[in-house]
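Below is one structure, written out as structure tokens; the observations come after it.
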Amino acid sequence: MSRAYNFCAGPATLPESVLRQARDEMLDWRGTGMSVMEMSHRSKDFVQIADAAEKDLRELAGVSDDYAVLFMQGGASSQFSTIPLNLLGEKSSADYVNTGIWSKKAIAEARRYSTVNVVASSEESGFTTIPDQSSWQTSADAAYLHYTPNETIGGLEYDFVPESPGVPLVADMSSTMLSRPVDVSKFGVIYAGAQKNIGPSGLVVVIIRKDLLGKARKETPTMMNYQVIADNGSMYNTPATYSWYLAGLVFKWLKEQGGVKAMGEINLRKARKLYDFIDTNEFYANPIDPRFRSWMNVPFTLADDALNGDFLKGAGDRGLLNLAGHRSVGGMRASIYNAMPEEGVDALIAYMTEFAKERG
Ligand SMILES: Cc1ncc(COP(=O)(O)O)c(C=O)c1O
């Protein structure tokens with residue numbers, strides 16, 4: 001068996017040791033005679049798996065008892081409506097920062113429930129930078145301030161946590177969660193689709209300050225009501241048990257790697273290597289303001305778009321997969337999440353060097 005280097009933005013590569021463990025435990029989880037997939041979510045064994053995953057996540061991300069950790073379903077996109085339904089309360093508006101395609105999707109969904117103030121936008125620059133915070137038109141009357149710390153498609157990442165004017169700060173951390181240390185206490189809500197740094201798609205992890213629970217609008221679907229999910233230990237209905245289990249294995253793996261701080265150092269090194277190469281080779285380009293280049297998603301273009309197909313084919317022949325950019329932007333994109341080994345980045349750079357020499 002040979003494993004490719006999979007640069008997909010999500011579902012993304014998972015740590016090989018996690019997949020091996022899942023394989024070894026597939027038919028018989030620790031002498032129970034059954035797969036985790038077959039267990040009742042109310043069973044002692046599964047509750048133990050679920051509790052351990054939450055405990056490890058709390059430890060990794062530094063989540064205090066002031067916060068509830070929820071393992072929900074429907075991906076990060078379902079949170080685009082869950083957030084306003086739960087947080088608007090009596091307020092009629094929410095503040096959003098627009099830095100790319102995922103911000104826009106969150107904004108569009110929130111507009112179904114409230115007035116949305118786009119307090120800052122980098123659309124005019126083609127989403128290549130983050131607007132300076134001094135220019136943000138935030139309001140102390142807003143129900144919350146929402147932003148997207150890492151725009152997965154554009155490859156644009158904040159290098160700071162915004163100040164909110166006394167309203168809860170809400171962050172879509174789908175593609176940056178657990179990739180570097182973050183001070184959770186600055187946030188009202190953090191949510192993240194699992195399929196990048198956490199586990200299989202469908203699962204979405206929500207970290208919510210407990211005082212924000214219990215404010216859902218009357219018409220909020222039960223399955224989207226944070227209070228209901230929190231009160232039921234994320235088991236109001238049958239949770240995504242296998243994804244939860246796999247997320248737990250990823251958390252254990254992360255702890256073995258030295259946790260989020262160590263991971264952040266590795267991720268910075270991987271990203272720097274790739275950006276340095278792109279910047280010094282005339283055949284490749286990345287349009288993002290260097291200060292805000294994503295550590296996780298590295299988009300790049302070739303000097304001649306007509307060579308894109310050949311580039312991708314040659315990459316595929318070498319086991320470097322899923323490098324095509326998002327269909328909305330084209331070009332290339334290398335997603336280098338926690339589970340992408342540094343050797344994968346080295347192999348990509350070696351191939352890019354060779355391709356530029358031969359075809360550039
Ligand atoms: C930043 C961000 N937000 C939201 C989503 C949507 O996630 P899902 O497909 O789990 O709904 C993605 C998916 O790639 C993302 O990158």
Side-chain angles (χ1 to χ4, degrees), residues 1-29 35-37 53 56 60 152 155 174-179 192-203 240 242-260 262-274 277-278 294-300 308-326 332-355:
M1 183 208 67
S2 74
R3 294 263 301 158
Y5 289 122
N6 176 11
F7 294 93
C8 190
T13 192
L14 285 166
E16 189 172 320
S17 61
V18 164
L19 295 176
R20 286 183 190 282
Q21 185 176 345
R23 178 196 62 190
D24 293 346
E25 294 179 343
M26 175 61 79
L27 298 186
D28 176 11
W29 187 81
S35 170
V36 173
M37 231 181 288
D56 286 338
L60 280 165
T152 321
S174 293
S175 49
T176 185
M177 179 91 175
L178 299 175
S179 68
Q195 66 271 25
K196 291 110 172 26
N197 271 333
I198 296 175
S201 58
L203 182 72
Y242 199 73
S243 299
W244 196 334
Y245 153 76
L246 264 182
L249 296 187
V250 171
F251 299 151
K252 289 252 183 285
W253 172 83
L254 260 175
K255 284 172 70 178
E256 285 160 18
Q257 308 310 301
V260 173
M263 203 36 84
E265 285 160 15
I266 298 169
N267 286 330
L268 178 59
R269 200 164 62 229
K270 289 188 312 194
R272 277 217 178 118
K273 238 186 211 184
L274 190 47
F277 170 75
I278 291 168
S294 169
W295 293 12
M296 296 283 97
N297 312 96
V298 182
F300 60 93
N308 286 354
D310 288 357
F311 180 88
L312 290 169
K313 173 153 191 334
D317 292 345
R318 285 163 182 76
L320 306 170
L321 303 184
N322 293 315
L323 283 162
H326 190 267
M332 305 295 154
R333 174 178 48 167
S335 293
I336 50 175
Y337 298 116
N338 287 346
M340 172 58 66
E342 201 159 345
E343 296 79 46
V345 175
D346 292 338
L348 174 61
I349 292 173
Y351 169 62
M352 289 169 74
T353 307
E354 187 187 313
F355 190 87

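Quick caveat, the model's predicted, so the values are computed rather than measured.
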Problem set entry | Phe277 vs Thr353 side-chain heavy atoms within contact, under 4.5 Å | yes
Problem set entry | Whether Phe311 and Tyr351 hold their rings parallel, tilted or perpendicular, with breakpoints at 30° and 60° | tilted
Problem set entry | Nearest atoms (heavy-atom pairs only) where Gln257 meets Ala262 | O-CB, 3.5 Å
For this session: Taking atom CZ of Arg272 as the centre, report whether more than 12 heavy atoms of other residues, nucleotides or ligands fall under 6.0 Å from it.
Result: no
For this session: For the pair Ser174 (side chain) and Gly193 (backbone), establish whether a donor and an acceptor sit closer than 3.5 Å, ignoring hydrogens and angles.
Result: yes
Exercise. Hey, does the side chain of Arg333 reach the backbone of Gly155 with a donor-acceptor pair shorter than 3.5 angstrom?
Worked result: no
Seminar exercise, completed: d(Leu323 CG, Leu321 CG) to nearest 0.5 Å is 7.5 Å
Exercise. Can you name the closest pair of heavy atoms from Ala247 and Leu203 and give their distance?
Worked result: CB-CD2, 4.0 Å
Exercise. So do the side chains of Met332 and Leu312 get within less than 4.5 Å of each other, counting heavy atoms only?
Worked result: yes
For this session: With rounding to the nearest 0.5 Å, note down the distance linking OG in Ser17 to CD in Glu256.
Result: 6.5 Å
For this session: Mind checking side-chain contact (heavy atoms from CB on, under 4.5 Å) for Ala347 and listing every partner two or more places apart, or none if nothing turns up?
Result: Tyr5, Leu320
Problem set entry | Student check: side-chain heavy atoms of Leu254 and Met263 closer than 4.5 Å | yes
For this session: Please name the pair of heavy atoms, one in Leu14 and one in Gly199, separated by the smallest distance, quoted to 0.1 Å.
Result: CD2-CA, 3.9 Å
Exercise. Out of curiosity, Met296 CE to Ser175 OG, how far, rounded to the nearest 0.5 Å?
Worked result: 8.5 Å
Problem set entry | Exam field: side chain Lys270 to backbone Met340, donor-acceptor pair closer than 3.5 Å | yes
For this session: Specify the closest pair of heavy atoms between Ser335 and Cys8, including all atoms of both residues, with the distance to one decimal.
Result: CB-O, 3.5 Å
Problem set entry | side-chain contact (heavy atoms from CB on, under 4.5 Å) partner of Asn338, the single match among Ile198, Val250, Asn197, Val260 | Asn197
For this session: Enter the distance from Arg20:CZ to Leu249:CG here, rounded to the nearest 0.5 Å.
Result: 14.5 Å
For this session: Using atom types as modelled and distance alone, determine if a side-chain donor or acceptor of Asp56 lies under 3.5 Å from a backbone N or O of Phe251.
Result: no
Exercise. Is Ile266 close to Arg269 at the side-chain level, that is, under 4.5 Å between some pair of heavy atoms?
Worked result: yes
Problem set entry | Minimum heavy-atom distance between Tyr242 and Ser35, given as atom pair plus value | CE1-OG, 4.4 Å
Exercise. Do the side chains of Phe7 and Val298 get nearer than 4.5 Å, heavy atoms only?
Worked result: no
Exercise. Is there a side-chain contact between Asp346 and Lys273 (heavy atoms, below 4.5 Å)?
Worked result: yes
Exercise. In terms of side-chain geometry, is the basic nitrogen of Lys313 or Asp317 positioned less than 4.0 Å from the acidic oxygen of its partner?
Worked result: yes
Seminar exercise, completed: Output for pair (Ile278 CD1, Met352 CE), nearest 0.5 Å, gives 4.5 Å
Exercise. Is the closest side-chain heavy-atom distance between Glu354 and Arg318 below 4.5 Å?
Worked result: yes
Problem set entry | Contact summary for Ala194 and Pro200, nearest pair of heavy atoms | CB-O, 3.3 Å
Problem set entry | Asn297 side chain to Tyr337 side chain, donor-acceptor N/O pair below 3.5 angstrom | yes
Problem set entry | Separation of Leu19 CG from Trp253 CH2 (nearest 0.5 Å) | 11.0 Å
